[in-house]
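Quick note: numbers below take in every heavy atom, side chains included, and nothing from hydrogens, waters or symmetry partners.
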Amino acid sequence: MSTHHPSVALALATQSLTLTSPNPRVGCVIVGADGQILGQGRTQRAGGPHAEIMALRDAAERGHAVKGATVYVTLEPCAHQGRTGPCCDALVAAGVGKVVASLEDPNPKVAGQGFARLRVAGITVEVGPGAAESRELNIGFFSRMIRKTPWVRMKIAASLDGQTALDNGASQWITAEPARTDGHAWRARACAVLTGIGTVLEDDPRLDVRLVETPRQPHLVVVDSRLETPLDAQLFIAGRQLYIYTATEDSARKAALEAQGATVIPCPGPGGKVDLAAMLRDLAIREINELHVEAGHKLNGSLVREGLVDEFLVYLAPKLLGAGRGMVNFGPLAELSQAVPLEFRETTPIGPDLRILARIPGRDRF
């Protein structure tokens, strides 16, 4: 088996990073007995063709017969009728000889059934090449299917001394333009961006993707315990799904916000606050895979304190701001042993700034 072809399939899957939500990002390569690539494809927008169908179409357009060919795909071919038909049936009908898949699909509607149907049809199935990379590419999809919550990534832009704003709230801009553009690329790959009412009232942000090209805008989620979101806030963008989670039963305010296009979801927790853990479970039901948090230090602190953050995307600027607003407001801790442990996964210079990707150890073991 060529080690090259699984990496080609993975590269194709990566090209669908901002496109497929809530579906997984999948790539597929069909290879002839002589090692020639007969067709290739990647998953399209939700409701559109999956990677295997795109690869079969590509082979047909090139005039290549695929009977007996080997198919390299980064996730188990689906076996259920969803928005599209089962991919395993299309591969059987095409007469391919072997399927090499990176991973079993964690979706309970598939979960090995695709492999089983291929084997019943006499197609050889091999599983494993590129598994770690494919899972990492689809960490949010695996999280939603297995843990029943999204993968929560918290984005923070701060000075080297850990300040995200001056004491008066001024924060534009701590980091340089390359870091801001890179941050928009991470927004674009998420299913939804989450912020708090404090940020909405203070900054009136749009929280959409503007600095990079994207085929779709992520949904927006606002934690707004008392339904204080202004009806003329910039975050109301036509065609974008806006979820507002609240702890109040103010039906008039709810109706006014919903008239503006928002979906208001009562999710009361202790102390008149939104139950953040219940909110994440609800977002998973609403097919949110990756949740990109861009909030203030208070909501950040609440999410960290409740153990709901999986990963931190931190941009550090080479400057000191002194007394100001920190990254996450929780504690104070009594002992160093109570610190939230992290492991640095990646440190990358982005323009003059430094991007750090840090993960809670073991959070990806599900």
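The one candidate from E311, E290, H292 that meets the side-chain hydrogen bond (donor to acceptor under 3.5 Å, both in side chains) condition with W151 is E311.
Remark: Q36 CD is packed, more than 12 non-hydrogen atoms of other residues, nucleotides or ligands lying under 6.0 Å away. In this structure, Q338 places its CD atom where more than 12 heavy-atom neighbours from other residues, nucleotides or ligands lie under 6.0 Å away.
Within the 4.5 Å cutoff, no side-chain heavy atoms of L19 are placed close to those of T43. Residues I360 and L342 form a side-chain contact, since some pair of their non-hydrogen atoms from C-beta on lies under 4.5 Å apart. Proximity of V293 to V309: side-chain heavy atoms (C-beta onward) are nowhere separated by under 4.5 Å.
Under a 3.5 Å cut-off, the side chain of D58 and the backbone N or O of G41 do not form any donor-acceptor pair. With hydrogens and angles disregarded, a donor-acceptor distance shorter than 3.5 Å links the side chain of T20 to the backbone of N23. In this structure a side-chain-to-backbone donor-acceptor pair under 3.5 Å is present from T246 to D224. A donor-acceptor distance shorter than 3.5 angstrom exists from the side chain of R253 to the backbone of L227, with no hydrogens or angles considered.
L283 and F141 are members of different hydrophobic clusters when ILVMFWY side chains are connected at heavy-atom separations under 4.5 Å. One hydrophobic cluster holds both L103 and V73 under the rule that ILVMFWY side chains link at heavy-atom gaps under 4.5 Å. Two different hydrophobic clusters hold M54 and V66 under the rule that ILVMFWY side chains link at heavy-atom gaps under 4.5 Å.
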Intermediate values then yes/no, side-chain hydrogen bond (donor to acceptor under 3.5 Å, both in side chains), T199 and E294: CA-CA 9 Å; T199 300; E294 292 199 35; over 6 Å; no
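A cation-pi arrangement, defined by a distance under 6.0 Å to the six-membered ring centre and an angle within 45 degrees of its axis, is present between R135 and F366.
Remark: the D353 side chain and the T175 side chain contain no N/O donor-acceptor pair separated by less than 3.5 Å. Side chains of D182 and Y315: a donor on one and an acceptor on the other come within 3.5 Å.
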